[in-house]
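Contents: one structure, followed by commentary.
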Amino acid sequence: MTALAPWLQRQLAAVLTLRGHAVLLDGPAGLGQYELALALARRWLCEQPRGPQACGSCAGCHAVDTRTHADLFVLLPDALALELGWPLDPGTAERIERKEIKPSRQIRVEATRAAVAFTQVTHARGQGKVVLIHPAERLNVESANTLLKTLEEPPGRVRFILATEAAHLLLPTIRSRCQTHAMAWPTEAEGQAWLMQTAGEGSTSTRALTEADWAACWQAAGGRPQEALAWARLGVTARLWADLPRQLAQGDWSAIVDWPIPRQLQVLMLLCHDAMAVATGAPPRYFAAEALPPDPVARRLSGYWRALQQAWRTAEHPLQAGLWAEAWAERTRAVFARTSGQPATAAIHSRA
């Protein structure tokens, strides 16, 4: 079990003081909701807890760490469950293996029904039962409605942990049944210290990053450590991040053409955010002011932002990446063009 980050350790102690059977961990992506939720479940199921920490050595802790605890049900989208090493139910796993279905990015209603059925069975060990749901906003309407009655009145010693990166997308009836904990942000010093430590334990590519590269990833993430780590693993360096705004403004996609579409779209949203901030006299957040394209037209930025928000709704659909990049390169170039007479050819390049 990887050691819990310092800012999450502080929050674990705070969450354990909450009373009630359902906790909602709420905050933007990259602050550690899943890690805190799993640490909380581990502590609740620990047979020899040491204050706010699980002991790490009892049979309960071992079962959680090996994804085999009989009293823990982790409800995730299929794709995320596979990524994090949690087993799917045999029927779903078989259908995915036969390519009858693709791993879902939403929480299936069938899986939610299985979680409800899990709560009806007597606990196997002595600490009760725990249902962990992450990210809770991926519950579709049918899944959320399936969960409601059990979430309101769980049988026996059943507790729920819901972790979310977008609480506003949850049904109000889900939120009202939980005690909410707002995720705390780390300080820059402890966040970057955690990043450096994690990088030292990670891949060769992240270990090779310089202090300036990590600072760029931290800026790209807006101060969210796990998001900074995700940018680093994607290949963000100080030089790339400094050059990127003007490259994109010229329709040059060469630096990001191999990124997943959601990440390409995200960097466009960060660019638009900072350009709008500067246009209204506010400081940028994600890029250095001198790196941004000069004098964007505020009216264009407003329409561009609305288009980006609309595109975000379908960012995880199986789009044709090349056509998508070409269309958005041209659109981005047009938004940041200094004059209407600028050539309309977008520079789409593939990296060798």
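- Linking ILVMFWY side-chain heavy atoms closer than 4.5 Å, directly or via other members, places I261 and M269 in a single hydrophobic cluster.
- No option in E153, H21, E152 other than E152 meets the side chain to side chain donor-acceptor pair (under 3.5 Å) test with R177.
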Go through the steps for Q106 and L139 under the test side-chain contact (heavy atoms from CB on, under 4.5 Å), then give the verdict. CA-CA 6 Å; Q106 299 294 313; L139 289 162; over 6 Å; no

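- Note on E142 versus R113: salt bridge recorded, some NZ/NE/NH1/NH2 to OD/OE distance being below 4.0 Å.
- Few gaps surround CD on E100; more than 12 heavy atoms of other groups in view lie less than 6.0 Å from it.
- Remark: side-chain polar atoms of R263 are not paired, donor with acceptor, to backbone N or O of P260 under 3.5 angstrom.
- Shown here for P135 and P77, the closest heavy-atom pair between the two residues is CD-CD, 3.8 Å.
- Taken to the nearest 0.5 Å, the CG atom of N140 stands 7.0 Å off from the OG1 atom of T112.
- Here the shortest heavy-atom pairing between L31 and P186 reads CD2-CD, 4.2 Å.
- Exactly one residue among R299, R300, R306 makes a side chain to side chain donor-acceptor pair (under 3.5 Å) with S302. That residue is R306.
- L16 and V131 fall into different hydrophobic clusters, where Ile, Leu, Val, Met, Phe, Trp and Tyr side chains are chained together by heavy-atom contacts under 4.5 Å.
- No side-chain heavy atom of L132 sits less than 4.5 Å from a side-chain heavy atom of F73.
- Cluster annotation: M183 and L18 are assigned to the same hydrophobic cluster (Ile/Leu/Val/Met/Phe/Trp/Tyr, side-chain heavy-atom contacts under 4.5 Å, transitive).
- Looking at L248 and F336, their side chains never come closer than 4.5 Å, going by heavy atoms from C-beta outward.
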Are H69 and H62 close enough, and set up right, to give a side-chain contact (heavy atoms from CB on, under 4.5 Å), and what steps lead you there? CA-CA 8 Å; H69 202 297; H62 177 72; over 6 Å; no

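- Follow the hydrophobic side-chain contacts under 4.5 Å out from W86 and you reach L40 in the same cluster.
- Here the CD atom belonging to E326 is positioned 14.5 Å from the CZ atom belonging to R331, to the nearest 0.5 angstrom.
- Note: I256 CD1 to L234 CG = 9.5 Å, rounded to the nearest 0.5 Å.
- For the pair D65 and R42, the salt-bridge criterion is met [side-chain N within less than 4.0 Å of a carboxylate O].
- W312 and Q266 share no donor-acceptor pair across their side chains, judged by distance under 3.5 Å alone.
- Using a 4.5 Å heavy-atom cutoff, the side chains of P154 and R159 are not in contact.
- What you find for L76 and L84 is that their closest heavy atoms are CD1-CD1, 4.3 Å.
- Within the model, atoms CG of D213 and OG1 of T237 stand 5.0 Å from one another, a figure rounded to the nearest 0.5 Å.
- Heavy-atom minimum distance, C272 versus Y304: SG-CD2, 3.6 Å.
- D71 contributes no side-chain N or O that, together with a main-chain N or O of H123, makes up a donor-acceptor pair within less than 3.5 Å.
- When only modelled atom types and interatomic distance are considered, H181 and Q11 share a side-chain donor-acceptor pair under 3.5 Å.
- Residues satisfying the ring pair (Phe, Tyr, Trp, His ring centres under 6.0 Å) criterion with W194, sequence neighbours excluded, are W7.
- Proximity of I96 to L88: side-chain heavy atoms (C-beta onward) are separated by under 4.5 Å at one or more points.
- Looking only at side-chain heavy atoms (C-beta outward), P283 and D274 stay at 4.5 Å or farther from each other.
- Remark: side-chain polar atoms of W241 are paired, donor with acceptor, to backbone N or O of Y286 under 3.5 angstrom.
- In summary, of the residues considered (V158, L147, L151, V130), a side chain to side chain contact (heavy atoms under 4.5 Å, CB included) with T119 occurs for V158 alone.
- For the pair N145 and L171, the minimum side-chain heavy-atom distance is below 4.5 Å.
- For the atom pair CD (E165) and OH (Y34), the distance works out to 12.5 Å, reported to the nearest 0.5 Å.
- Rounding to the nearest 0.5 Å gives a distance of 8.5 Å between OG of S104 and CZ of R138.
- For D78 and R108, the salt-bridge test passes: some basic side-chain N is under 4.0 Å from an acidic carboxylate O.
- Using cut-offs of 30° and 60° for the angle between ring planes, the W259 and W231 rings count as tilted.
- Taking each heavy atom of P225 and L195 in turn, the nearest pair found is O-CD2, 3.4 Å.
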As a quick check of understanding, evaluate side-chain contact (heavy atoms from CB on, under 4.5 Å) for L162 and L25, giving each step before the final call. CA-CA 6 Å; L162 287 77; L25 306 178; over 6 Å; no

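- A side-chain donor-acceptor contact under 3.5 Å links Q226 and E35.
- Judged by a 6.0 Å distance limit and a 45° cone about the ring axis, K129 is positioned over the six-membered ring of F118.
- A continuous path of Ile, Leu, Val, Met, Phe, Trp and Tyr side chains, each step under 4.5 Å between heavy atoms, connects I161 with V64, placing both in one hydrophobic cluster.
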Evaluate the salt bridge (charged side-chain N to carboxylate O under 4.0 Å, His left out) criterion for residues E110 and R95: first the C-alpha distance (whole Å), next the side-chain angles of each, then the deciding distance (0.1 Å), finally the verdict. CA-CA 13 Å; E110 296 85 358; R95 294 180 67 195; 5.8 Å; no

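- Every residue two or more places apart in sequence or in another chain that forms a side chain to side chain contact (heavy atoms under 4.5 Å, CB included) with A79 is listed here: P103, R105.
- For Q120 (side chain) and A117 (main-chain N/O), no donor-acceptor pair under 3.5 Å exists by modelled atom type.
- Taking both residues in full, the closest heavy atoms of S57 and R50 are given as OG-NH2, 4.1 Å, listed atom of the first, atom of the second, then distance.
- T66 is linked by a side-chain hydrogen bond (donor to acceptor under 3.5 Å, both in side chains) to T68, counting only residues two or more places apart in sequence or in another chain.
- Using a distance-only test at 3.5 Å, with no hydrogens or angles considered, no donor-acceptor pair links the side chain of T146 to the main chain of V109.
- Although no hydrogens or angles enter the test, the distance criterion places no donor-acceptor pair under 3.5 Å between the side chain of Q48 and the main chain of C55.
- Counting heavy atoms from C-beta on, the side chains of D252 and R333 never come closer than 4.5 Å.
- Between Q264 and W328 there is no side-chain heavy-atom pair separated by less than 4.5 Å.
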Step by step, work out the side-chain contact (heavy atoms from CB on, under 4.5 Å) result for L12 and Q9. CA-CA 5 Å; L12 177 59; Q9 292 180 19; 5.7 Å; no

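- Listed for the S176 side chain is a donor-acceptor partner under 3.5 Å among the backbone atoms of T173.
- Other residues, nucleotides and ligands contribute over 12 non-hydrogen atoms within 6.0 Å of the CZ atom of R67.
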